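Quick notes on the structure that follows.
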Amino acid sequence: MKICKNIRSLKIDLNKIQKNKCLSLIPTMGYLHLGHLSLIKKAKKRKEFTVVSIFINPKQFGPEEDLDKYPVNIKHDIEKLTKLKVDLLFIPKKKEIFDYKISSYRYKPLKIENILCGINRPNYFPGVADIIIRLFSIINPDKSYFGEKDFQQYFFVKTLLKKLGFKSKVISSKTIREKSGLAMSSRNQYLSIKEIKIANKLYKFLKLNKKEINDKKNISKSLAKYKNELLNAGFTKIDYLEVRTDDLRKANINSNNKRLFAAVFINETRLIDNIRV
Ligand code: PAF
């Protein structure tokens with residue numbers, strides 16, 4: 001696996017790729033888990049030239065959020081990526097990334113930034129937009145892969161890139177879970193053993209909530225009931241528990257392609273998840 005730590009060496013390597021080979025990007029913030037690896041495996045299986053980027057993007061964190069303690073383990077990440085035969089790992093430096101000129105792209109906030117995670121994390125989507133525009137301008141991938149755990153992010157990136165005229169096809173991949181059902185996330189490692197026991201209940205409650213919605217045909221009552229259930233089970237705060245369509249519009253019981261979205265806290269740790277309804 002080639003490791004590029006600056007844009008110049010990255011571009012030299014990207015120029016050597018055969019013209020008919022599909023170039024795929026999996027952007028990450030490192031501390032890789034099986035969720036990330038499943039995205040990479042998908043690209044490798046399709047015989048694409050697979051680029052993984054590792055960059056902890058400070059702009060998508062709020063002032064009270066976990067930027068300073070965000071987990072890092074580059075050595076393990078490199079071992080995992082080497083095993084999967086990733087073609088190229090891009091680990092840019094902060095200064096070079098943010099000095100890179102992207103002025104030709106006019107990013108205007110999208111409507112979907114005002115719902116779900118955008119409400120309590122106002123820096124998040126503008127920050128993600130900034131880094132995505134930089135990475136995609138530098139690498140110009142044919143395809144990119146995002147996990148469905150962060151469904152709003154996947155849909156945001158897809159919409160943003162299309163609006164700005166990037167050619168990249170944005171592909172989503174299903175959430176990878178622990179045996180307990182807990183969606184894999186780099187942030188799970190913040191949880192104590194006691195907190196993990198609570199976190200493990202989230203997926204179970206989402207499935208029960210889904211069943212109740214489908215049985216009783218009443219979304220708002222079922223959501224109210226399960227917000228209470230979550231708080232009684234030890235979750236300390238609920239940012240949202242909502243049903244929306246696959247394109248993040250408000251859903252009613254008759255809407256097609258519904259998803260149940262949750263963002264909850266256990267003390268300081270914020271967890272998100274979603275399932276099809
Ligand atoms: O999902 C993430 O890890 C990040 O938000 C991303 C897409 C790499 C942008 O920094």
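Atoms within a ligand are numbered from 1 in the order they appear, just like the ligands themselves. All heavy atoms count here, side chains included; hydrogens, waters and symmetry mates do not. Bear in mind the structure is a predicted one, so any value in this text is a computation, not a measurement.
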Fill in: Gap between atom CD1 of I176 and atom CD of E148 - 0.5 Å precision
10.0 Å
Under 3.5 Å, N/O to N/O: give me all the pairs between ligand 1 and the protein, one per line with atom names and distance.
residue: ligand 1; atom: 1 (O); partner: Q153; partner atom: NE2; Å: 2.8
residue: ligand 1; atom: 5 (O); partner: Q60; partner atom: NE2; Å: 2.8
residue: ligand 1; atom: 5 (O); partner: Q153; partner atom: OE1; Å: 2.7
residue: ligand 1; atom: 10 (O); partner: Q60; partner atom: OE1; Å: 2.7

Discussion item. Quick check for you: to the nearest 0.5 Å, what is the distance between I196 atom CD1 and Q189 atom CD?
Written reply: 9.5 Å
Practice prompt. Could you tell me which residues satisfy salt bridge (Lys or Arg N to Asp or Glu O under 4.0 Å) with E229, sequence neighbours excluded, listed by chain and number?
Written response: none
Worksheet item: If you look only at pairs with a residue in residues 126-142, which of them pass as a salt bridge (Lys or Arg N to Asp or Glu O under 4.0 Å), with sequence neighbours excluded?
Response: K59-D130, D130-R134, D142-K167
Discussion item. Could you walk me through whether Y124 and Q153 satisfy the side-chain hydrogen bond (donor to acceptor under 3.5 Å, both in side chains) test, starting with their C-alpha distance in whole Å, then the side-chain angles of each, then the deciding distance to 0.1 Å, before giving a yes or no?
Written reply: CA-CA 9 Å; Y124 186 72; Q153 169 174 269; 2.6 Å; yes
Item to complete: Hey, could you give me each pair passing side-chain hydrogen bond (donor to acceptor under 3.5 Å, both in side chains) that has a residue in residues 25-44? Not counting sequence neighbours.
Response: K42-S173, K44-D87
